[in-house]
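Okay, structure first, notes after.
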Protein chains: 2
Amino acid sequence: MQKQWDIDSLTADIVKRIKKQTLADKNGKLPSERKLMAYYNVSRYALRQALGKLSKNGYIYQIQGRGSYIHEHHDQTNSINQSDLGFTEDLAREGKSIQTVSAFQRIVPFSEIDFSPGNQQFSDDQLFVEIERFRTLENKPYLVEHSYYLPEIVGEISEEAMYGSMFDYLSKEKGLTVGFIDKFIRCELLTESYATFFHLETNMPSLTVRDDSYLREGELVAFSKVYYDYRDATLFMHKKLLE
Amino acid sequence: MQKQWDIDSLTADIVKRIKKQTLADKNGKLPSERKLMAYYNVSRYALRQALGKLSKNGYIYQIQGRGSYIHEHHDQTNSINQSDLGFTEDLAREGKSIQTVSAFQRIVPFSEIDFSPGNQQFSDDQLFVEIERFRTLENKPYLVEHSYYLPEIVGEISEEAMYGSMFDYLSKEKGLTVGFIDKFIRCELLTESYATFFHLETNMPSLTVRDDSYLREGELVAFSKVYYDYRDATLFMHKKLLE
DNA sequence: GAGTGGTCTAGACCACTTA
DNA sequence: AAGTGGTCTAGACCACTCC
């Protein structure tokens, strides 16, 4: 009995072989789709779904009539890959440790919130769970995450969760699945308290990412703003044209 | 003879109908895939490719077992949508006019370049065409674009091109097609000359986007850095999870 | 159980590149 | 002419939601 591949495991296996350098030739050229179909014993559709994912994320590029090639991209040290990005950057990245050094939680009405989601309005007395988390990367101040959760959806948030991954917490403890996120990236000036955390002066800048997070069902579950130390943070993105 | 749809025209038509509000019901729910297949007389594959594009760009979201729904997103005023983004943001956006108010071109060796592409090194005497463009949005200083082109690939760049769209120029005049771009987003402090253009003080911040642009064939053709006025620039991105 | 989106197969033809 | 990726069809079964 031969191994059955689905698209996810197929994608993972191709990535593994690319990294182990056992798939492409010395010019970075992959075997043709027909050969890969035969090798993995999958249909054209399944194979192309897998290659499409790699292509979208910048691992490979494909040229009609010529073949598929590996795209050697940058060293991703200290850069946040948007394609891998979770909730509000809750992924522990290769060999790096992100820790929450302090966190605050309180309940506030909409009228006291200083930023709001892109496409939705609330009544002034709508309550939100406000969470502020100060986080370090390799023991160095790295980001401040300022979030508002809809209490009707998430309920109470435990103290332990605030020091771990909110994304995992919502999924495992609350059974909530985030389906998509709108992101707004800006550069803003720091207030005194955030600047102090980064050992910067007031009004020094910060790279900020505003997220509106929606459940799989399309309901807004949280909106947040993350302030990164501008000296360390780089967002990486790969853009495919001609689609 | 019925109209034949390909995926692009199908996608465009669905977008058009969504905008005209003649496709979804009052709850924002689209007809089922089977119904749309019948309506457009296309296969499941073609239809799902089209819906997949809309879904990826945040126009709709799909829920297994329930249906497809419109996602009303934000007001995109003054925000740069990464999914629509061209070369270095050369698209004239809805009703807004971007103009180049001054531009400089010179030839420099690699050794005099102050930033470099993510994954490639050049010898110190490799020459580049350096272009600096100062651009306004609605007659207000908006961005400075600092680019380096490989002369072996692009050849000479005409004066007119420098005041128009570099993307169109490469494509129409030089027959070069950009296939993909690596992007690195940061927040940086402005030097005096750039700050002056934005009517800001030296060391005020800027939202920057570094691009490495590759031809369809995988060859690096240019790398650039765009400095945006941090007060006006917002990058928008839609992220689909669970793929 | 009926209807929805998600996954996958087998096969065809087209557009492009290379020789 | 042969080989490559790009597009598209027809059909099947699965997982999930709703009644």
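In the text below, chain A, chain B and the rest are named by the order of the sequence lines, each starting its count at 1. Being a predicted model, the structure only gives us computed values, none of them experimental.
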- prompt: Relative to the 5' end of DNA chain C, which residue comes earlier, B:Ser68 or A:Arg44, by the nucleotide with the nearest heavy atom?
  reply: B:Ser68
field: Option passing side-chain contact (heavy atoms from CB on, under 4.5 Å) with B:Lys53 (candidates B:Val15, B:Asp8, B:Leu10)
entry: B:Asp8
message: Both A:Arg34 and A:Val42 contact DNA chain C. Taking the nearest nucleotide for each, which residue is further toward the 5' end?
response: A:Val42
field: Interatomic spacing from OG1 in B:Thr22 to NZ in B:Lys16 - rounded to 0.5 Å
entry: 8.5 Å
message: Checking B:Phe128 against B:Phe122 for the ring-ring contact (aromatic ring centres under 6.0 Å, His included) test, could you report, in this order, the C-alpha distance in whole Å, the side-chain angles of both residues, the deciding distance, and whether it holds?
response: CA-CA 10 Å; B:Phe128 291 88; B:Phe122 294 96; 5.1 Å; yes
message: As a quick check of understanding, evaluate side-chain contact (heavy atoms from CB on, under 4.5 Å) for B:Arg44 and B:Glu33, giving each step before the final call.
response: CA-CA 7 Å; B:Arg44 185 93 188 275; B:Glu33 295 187 350; 2.8 Å; yes
Stepwise side-chain contact (heavy atoms from CB on, under 4.5 Å) check, B:Gln121 with B:Phe110: CA-CA 9 Å; B:Gln121 276 303 318; B:Phe110 186 66; 3.6 Å; yes
- line: Counted 5' to 3', the first and last nucleotides of DNA chain D within 4.0 Å (strictly under) of a heavy-atom of chain B are D:dC8 to D:dC18
When you compare the protein's N or O atoms with those of nucleotides 17-19 of chain C, which come within less than 3.5 Å of each other, and at what distance?
| residue | atom | partner | partner atom | Å |
| --- | --- | --- | --- | --- |
| C:dT17 | OP1 | B:Arg216 | NH2 | 3.4 |
| C:dT17 | O4' | A:Gly65 | O | 3.3 |
| C:dT17 | O3' | A:Arg66 | NE | 3.4 |
| C:dT18 | OP1 | A:Arg66 | NE | 2.7 |
| C:dT18 | OP1 | A:Arg66 | NH2 | 3.2 |

- request: Check every strand shown and say whether A:Ile7 touches a base, only sugar-phosphate, or nothing at a heavy-atom separation below 4.0 Å.
  value: sugar-phosphate
- request: Measure from CG on B:Leu36 to P on C:dG3 and round the result to the nearest Å.
  value: 16 Å
- prompt: Under 3.5 Å, is there a donor-acceptor pair between the A:Asp6 and A:Ser9 side chains?
  reply: yes
- prompt: Between A:Ile14 and A:Ile60, is any pair of side-chain heavy atoms under 4.5 Å apart?
  reply: no
message: Over all strands shown, is A:Lys35 touching base, sugar-phosphate only, or nothing at heavy-atom distances under 4.0 angstrom?
response: sugar-phosphate
task: Could you tell me whether the side chains of B:Gln105 and B:Glu156 share a donor-acceptor contact shorter than 3.5 Å?
output: no
